[in-house]
Amino acid sequence: MEKTTIQECKSCRETVRMSEQELRQVFGDVLHVREVKLTDEATYEARLAACRRCDALLDETTCLHCGCVVAVKAKLRHARCPYPFDPRW
């Protein structure tokens, strides 16, 4: 019998997948918060690329270490990668 591993993140609901429309909604909400500083596009893309290579990325959207949607967190200028002892960005 083959053993399967189920990964769970810290704050997931039934699903961690987000549609493009849901991501745009979250970005819209973030941009409406006062004084939110966003990173430039090159930094954002580099962060997303690092997240995509990371073994802690769940369902291509969620970080297993903090439960954040990486497409949102990577856009925030002062955000940091939560990977223990070896941040990816």
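Please read all numbers here as calculations on a predicted model, not as lab measurements.
- Between Trp89 and Ala79, the shortest heavy-atom distance links the atoms CZ3-O, 3.3 Å.
- Remark: the backbone N or O of Ala42 is paired with a side-chain donor or acceptor of Asp40 at under 3.5 angstrom.
- A donor-acceptor contact shorter than 3.5 Å links the side chain of Arg88 to the backbone of Asp86.
- The structure places CG of Leu58 at 11.0 Å from NE2 of His65, a figure rounded to the nearest 0.5 Å.
- Using a 4.5 Å heavy-atom threshold, the side chains of Tyr83 and Asp55 count as touching.
- With hydrogens and angles ignored, the 3.5 Å screen pairs no side-chain donor or acceptor of Tyr44 with any backbone N or O of Arg77.
- Residues Cys51 and Lys73 are not in side-chain contact: their nearest non-hydrogen atoms beyond the backbone lie 4.5 Å or more apart.
- Considering every non-hydrogen atom in both Ala71 and Leu48, the closest pair reads CA-CD2, 3.8 Å.
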Kindly indicate, with the supporting measurements, whether the criterion salt bridge (charged side-chain N to carboxylate O under 4.0 Å, His left out) is fulfilled by Lys75 and Glu41. CA-CA 8 Å; Lys75 190 69 174 167; Glu41 194 64 23; 3.3 Å; yes
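- Between Leu57 and Val70, the closest heavy-atom pair is CD1-CG2, 3.8 Å.
- The line from NZ of Lys37 to OG1 of Thr39 is 13.0 Å long, rounded to the nearest 0.5 Å.
- Shortest non-hydrogen contact noted between Cys66 and Pro82 is SG-CG, 3.7 Å.
- With hydrogens and angles disregarded, a donor-acceptor distance shorter than 3.5 Å links the side chain of Arg47 to the backbone of Leu76.
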